[in-house]
Structure formats: structure tokens, C-alpha cells
Amino acid sequence: MKRPIELVADALLKSKYLIALTGAGISAESGIPTFRGKNGLWRKFRAEDLATPEAFSRNPKLVWEWYSWRISMILKADPNPAHYALAILEDMGILKAIITQNVDDLHERAGTKNLIKIHGDILTAKCTSCRYTKKLDSPPNELPPKCPNCGSLLRPGVVWFGEPLPKKELDATFINASKADGILVVGTSGVVYPAASIPLIVKERGGFVVEVNIKPSNITQIADFFIQGKAGEILPRLIQIINNRLNVDRDDRGG
Ligand code: BV8
Ligand code: ZN
């Protein structure tokens, strides 16, 4: 009787177009707090108080203090084995795209190429009036930062609650979801839309849903496989099983 993780390895090997959806849980083992966990970012603050346009217009300094604290954390953090495992799965030609809700740059630093950042990028700041944007390699030294072009306030380059997702990333997301015959969902509570609807799109088209999470989420009820555990432990194990399978196939073929 095969263990669930071995069945998952079989499904990934058989898939023609596997995609992944990741959330804050994949960065947890890099030391970045998740949003809704026990020591989550929202624990001390409420999403409505910080990650909304209203919050920003009410108190841009407070919002920027929260973002610059997160930027410093992200710049000090490193990708963990879960990020690297997904980059390896892409290099093996098995994983075709990662759709991430995360605004950190850990997938990029782990080597992922086809990455769709649907909630923006915390390491960019953009002007609230003109088209000026800048990459951030450290938190802004004045809070809130002003546009060097036009003097208006700069804002974090992320998507806030109540804001539409960027068109290019949203289109890419739905194109990938409509091509996928399987989706690997890693470290998301499945609370935020439209991200949380992506696994359902794959499922409704006859694709399989694999979830890796330390505890059940809003996605679990539609998952074909639920592998409970830390992404940084489960994903490398999955790669190991896949490699063993491929070596056995190669030996059988006398490769
Ligand atoms: C939009 C960027 C429309 C900023 C973020 C009522 C019902 C349904 C929907 C709504 C509603 N009211 C409002 C809405 C829409 C709203 C929404 O979904 N609200 C929710 C809260 C109900 N959505 C929006 O507003 C979106 N926009 O709909 O626009 C529109 C269209 C046209 C014109 C105008 C408007 C925009 C949503 C984007 C919000 N921005 N982030 C920032 O980061 O500061 S969302 C924020 O939550 C982060 O991006 C985060 O990634 C995301 C989702 O959270 P998760 O990633 O899942 O993280 P979480 O902590 O929740 O869970 C972590 C998981 O990991 C847990 O399950 C845990 O068990 C697991 N885990 C922990 N450790 C590990 C682990 N797993 C594995 N290994 C581990 N080691
Ligand atoms: Zn400007």
C-alpha cells in the first residue's frame, strides 16, 4: 500500500501541466511570520488597519512603518528548502508555473523562473500620482517616502484589500489554471480571493489538487491529497521520491 506522498509523486510524474499556488506558509521556515497563524502578522495588527488604501490615506506613516519592518525581515531572510524544491521541480520540467500570493522575493532567489506574483512585490515602491517606481534594497529612510519626480507620496508596490489584482498577472493566472491538469497548493489558508479560487478552477476542469500545509485550510475540502507537515520538510521529500522513481525507470531501461 503506497503512502499518500508516494501517490502524490506518481501524480506529479504523470502530470502534463502542473502549477503551484503558494502562500505565506512557504516562507514561514525562512522566519517570515504568516498572516493568520498564531504569531501571525495580523495578530498584532488587523488587515483592515494596514493593508488597505483607506488605511494608507488615513495614516501613511503607520502603514509604511509596518511595511518597512516587513521589508527588513525579508531582506534578512533566505529561501528555505521548500522554495528550492519548487525551483528544482521546475528545472525537472514537471512544474510549469508558480502563482504566489507572497510579496517577498524568496521564490526568485531560490531560482524559480516562471513566477506570477498576484499580490505585487513588497520590494518596490510606486508613486501615488505619477508613474515613478523604484526597487527597494532597504527600507525607505524617510517614512512615508516622497516621489523624487513629483513630490507625492510613494506607496508599497503591493495589492491591498479592495484593490484589483494586476491585469497581466491575473490573465497569466487564469491561462495557467485553464491549462493545468494538477495544482500543488503550499502554505495558504485559502482565505483571500481571487487566489483561493484557483485550485477550484483546476479541480473543476478535472485536474488534481495536492495540498501541503501544517494544518487543514479552506482548500483541504477540495484537495485530492492533503499532506500534513512543514513545506520545508515535505517538498524535499517529494523531490527525493520522484528522483528515486526516475532512477529506477532509468535502470529498468538500462539507461
Ligand atoms: C479584490 C498583499 C476586487 C499585501 C494581500 C468577502 C468574501 C470573499 C472575498 C472578499 C470578501 N470581502 C472582500 C473580499 C475580497 C478580498 C478578500 O479575499 N478578503 C478576504 C480577507 C475575505 N480580496 C481582495 O480585496 C482582493 N482584491 O478582490 O479586488 C476588485 C476588482 C475590481 C476593482 C476593485 C476591486 C485583493 C486581495 C489581496 C490582498 N493583499 N497581500 C501585503 O502582503 O501586505 S493578501 C495577504 O493574504 C497576503 O498576500 C497573503 O499571502 C494572503 C493570503 O494569506 P496566506 O498566504 O494564505 O497566509 P495565511 O497566514 O492566511 O496562511 C498561511 C498558511 O500557511 C496557513 O494555512 C498555515 O497553516 C500554513 N503554514 C504555516 N507554516 C507552514 C504552513 N504550511 C506549510 N509549511 C509551513 N511551515
Ligand atoms: Zn510622482
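All residue numbers refer to positions in the sequence shown, counting from 1. Each ligand, and each atom within it, is numbered from 1 in the order the structure gives.
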### Query
Just by distance, with hydrogens left out, do S30 and N80 show a side-chain donor and acceptor under 3.5 Å apart?
yes
### Message
Between the side chains of D10 and R245, is the shortest nitrogen-to-carboxylate-oxygen separation below 4.0 Å, so that they form an ion pair?
### Response
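Between D10 and R245 there is a salt bridge, with a charged N closer than 4.0 Å to a carboxylate O.
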### Query
Does E108 pair with K135 as a salt bridge, N-O distance under 4.0 Å?
no
### Message
Closer than 4.0 Å to some heavy atom of A28 - which atoms of ligand 1 meet that?
### Response
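This gives 73 (N) as the contact atoms.
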### Query
At a 4.0 Å threshold, what atoms of ligand 1 neighbour a non-hydrogen atom of K215?
68 (C), 69 (O)
Out of [options], whose heavy atom is nearest to [atom]?
atom                    : options               : result
atom 19 (N) of ligand 1 : F161, F35, W160       : F161
atom 57 (O) of ligand 1 : L165, I118, T188      : T188
atom 52 (C) of ligand 1 : R70, E233, Q228, Q101 : Q101
atom 63 (C) of ligand 1 : P156, G120, G23, G187 : G187

### Task
Measure the acute angle between the ring planes of F56 and W160, then classify it against the limits of 30° and 60° as parallel, tilted or perpendicular.
tilted
### Query
Has ligand 1 got any nitrogen or oxygen that is less than 3.5 angstrom from a nitrogen or oxygen of Y67?
yes
### Message
Measuring only between side-chain heavy atoms, which start at C-beta, is K117 closer than 4.5 Å to T100?
### Response
yes
### Task
For atom NZ of K230, decide whether the heavy atoms of other residues, nucleotides or ligands shown that lie under 6.0 angstrom number more than 12.
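No, because the 6.0 Å sphere around NZ of K230 holds 12 heavy atoms or fewer from other groups.
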